[in-house]
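To start, the structure under review is shown below, and the notes come after it.
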Amino acid sequence: MDSRLEAVRDTVLARNPGEKEFHQAVIEVFESLGPVHDRHPEFLEGAVLERLCEPERQIIFRVPWTDDAGRVHVNRGFRVEFNSALGPYKGGLRFHPSVYLGIVKFLGFEQIFKNALTGMPIGGGKGGSDFDPRGRSDAEIMRFCQSFMTELYRHIGEYTDVPAGDIGVGGREIGYLFGQYKRITNRYESGVLTGKGISWGGSLVRPEATGYGTVIFAQEMLKTRGLSFDGQRVVVSGSGNVAIHAIAKAQSLGATVVACSDSAGYIVDEAGIDVALLSQVKEVERGRLTDYAARRPGSNHVAGDSVWDVTGTVALPCATQNELDGDAAAKLVSNGLIAVAEGANMPSTRSAVSVFQEAGILFGPGKAANAGGVATSALEMQQNASRDSWSFEHTEQRLTEIMVGIYDRCAATADEYGAPGNYVVGANIGGFVKVADAMLAQGLI
Ligand code: NDP
Ligand code: 2IT
């Protein structure tokens, strides 16, 4: 890391003790930014990095709710409004027992650069709760969401902060959250949340957008080697929103997706994952991958072990942070890997990224490769602002253009800074310069 940035890094680490995922995300970005500060000394003089690492506002609140037996539970809610240089804070809500401030801040920090790369007018934020939705009834989910929004509503708005989904938050949760916001404020403010249902202000393609976008980004990388998805053997982690649509898109382009996972294990299906069955099991029935294996002849379920043990030419990590470490990366490389595109946020550890880069693997970092979700959220905001709704074809075309644009920006920026093919450098510098310029233009805020 550039020595001028080390002191800033040390201060950030000391001011935010115990937040290891936030530290990791900050260090990973700082490692790319030395050359930028040679060209732009005004960023150092304006203390842009110091300001960027300190969220504009952090909200932590109590979320009390009752289960179906009438027992009272208390969870913790978060919304970190990280940076509004480019637009209202924008980013998802995550409901998962692992959520604490360090996770929300890593996600919010990544979101600043990701959102800048989309070229859309959106700042960066993230939120969530340590609530565990697993095994909860719809009525329990609804009461939790209503309680969560009863505090959150005063901090958000279409021009202020626009949450959406992430792990554990999908269309059902956004519905309950929107209903409570409307009830408290007496406003039908469509643009306050994205990921809404299609009949009440949502956008076509938003459910598919992150997974589709990840595959589009991977396809652009493959083209540089004269390759496409046709004939690739793809391994995917996760089996939620991002994973399911990444699998569908990769297979529509001629790949065979032979494996996907959840937190209990993975399935191998050499004939190619049956997306309709996977969606039925995971999205409709909210079941487990063992249910898929039981109903799909020729597939098998492996409990416990890592999905990265499965041989593939393309890997799409679409589950969670730090799910792919250096050992897994080395195994994938020795098994013939060509490309990795991150559908999840920071799924590869720093040592995994080094292994991929040293082996010459095409590597698309999450803040670029998974930006299709938030970009389509911005398209949802556009439709809401103009009280319009676009066709699937038009919206998908816009998504494709945005993803190719993000790829081109990452590739061109990597070239410009003397690191051709290094999309980590391209994404970090491309996102940072845009936000830094806007921050300086807006004065000391
Ligand atoms: P879902 O809740 O729909 O699915 C999450 C999947 O990841 C599930 O298969 C889940 O398994 C698995 N998973 C979650 N946590 C863990 C864990 N600690 N260990 C192992 N597996 C885990 O979430 P999404 O698909 O929306 O999100 C997946 C990733 O994509 C996240 O990193 C998210 O931040 C990122 N992302 C999401 C976007 C979106 O639009 N939804 C946009 C951009 C990025 P199980 O069911 O067993 O918990
Ligand atoms: O990580 C992400 O980009 C998301 N979870 C989507 C955010 C959004 O506002 O659509």
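Source: prediction; values computed, not measured. Both counts, for ligands and for their atoms, begin at 1 and track the order of listing. We count residues from 1, following the sequence as given. Only heavy atoms go into these numbers, but all of them, side chains included; no hydrogens, no water, no symmetry mates.
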> Which of these, Asp309, Asp305, Asp325, sits in a salt bridge (Lys or Arg N to Asp or Glu O under 4.0 Å) with Lys331?
Replying inline: Asp309
> At a 4.0 angstrom heavy-atom cut-off, what protein residues surround ligand 2?
Replying inline: Lys90, Gly91, Gly92, Gln111, Lys114, Lys126, Ala164, Gly165, Asp166, Arg206, Asn345, Gly373, Val374, Ser377
> In terms of side-chain geometry, is the basic nitrogen of Arg154 or Glu151 positioned less than 4.0 Å from the acidic oxygen of its partner?
Replying inline: yes
> Can you list, by chain and residue number, every protein residue with a non-hydrogen atom closer than 4.0 Å to ligand 1?
Replying inline: Arg94, His96, Lys114, Arg134, Asp166, Ile167, Gly168, Arg206, Thr210, Gly238, Ser239, Gly240, Asn241, Val242, Ser261, Asp262, Ser263, Arg288, Cys318, Ala319, Thr320, Gly343, Ala344, Asn345, Asn370
>> So, taking the atom named CE in Met221 and the one named OH in Tyr423, what distance separates them when rounded to the nearest 0.5 Å?
In response: 6.5 Å
>> If the condition is salt bridge (Lys or Arg N to Asp or Glu O under 4.0 Å), which residues does Glu393 pass it with, not counting sequence neighbours?
In response: none
> So does Arg76 have more than 12 non-hydrogen atoms from other groups sitting under 6.0 Å from CZ?
Replying inline: no
>> Looking at Asp166 and Lys126, is there a salt bridge between them, counting it only when a charged N and a carboxylate O are closer than 4.0 Å?
In response: yes
>> Test of understanding: with side chain to side chain donor-acceptor pair (under 3.5 Å), list the residues that count as partners of Asn384, not counting sequence neighbours.
In response: Lys196
>> Under a 4.0 Å threshold between the charged nitrogen and the carboxylate oxygen, would Asp262 count as salt-bridged to Lys282?
In response: yes
> Under the side chain to side chain donor-acceptor pair (under 3.5 Å) criterion, do Asn428 and Lys367 qualify, and how do the steps go?
Replying inline: CA-CA 8 Å; Asn428 286 338; Lys367 63 171 76 67; 2.8 Å; yes
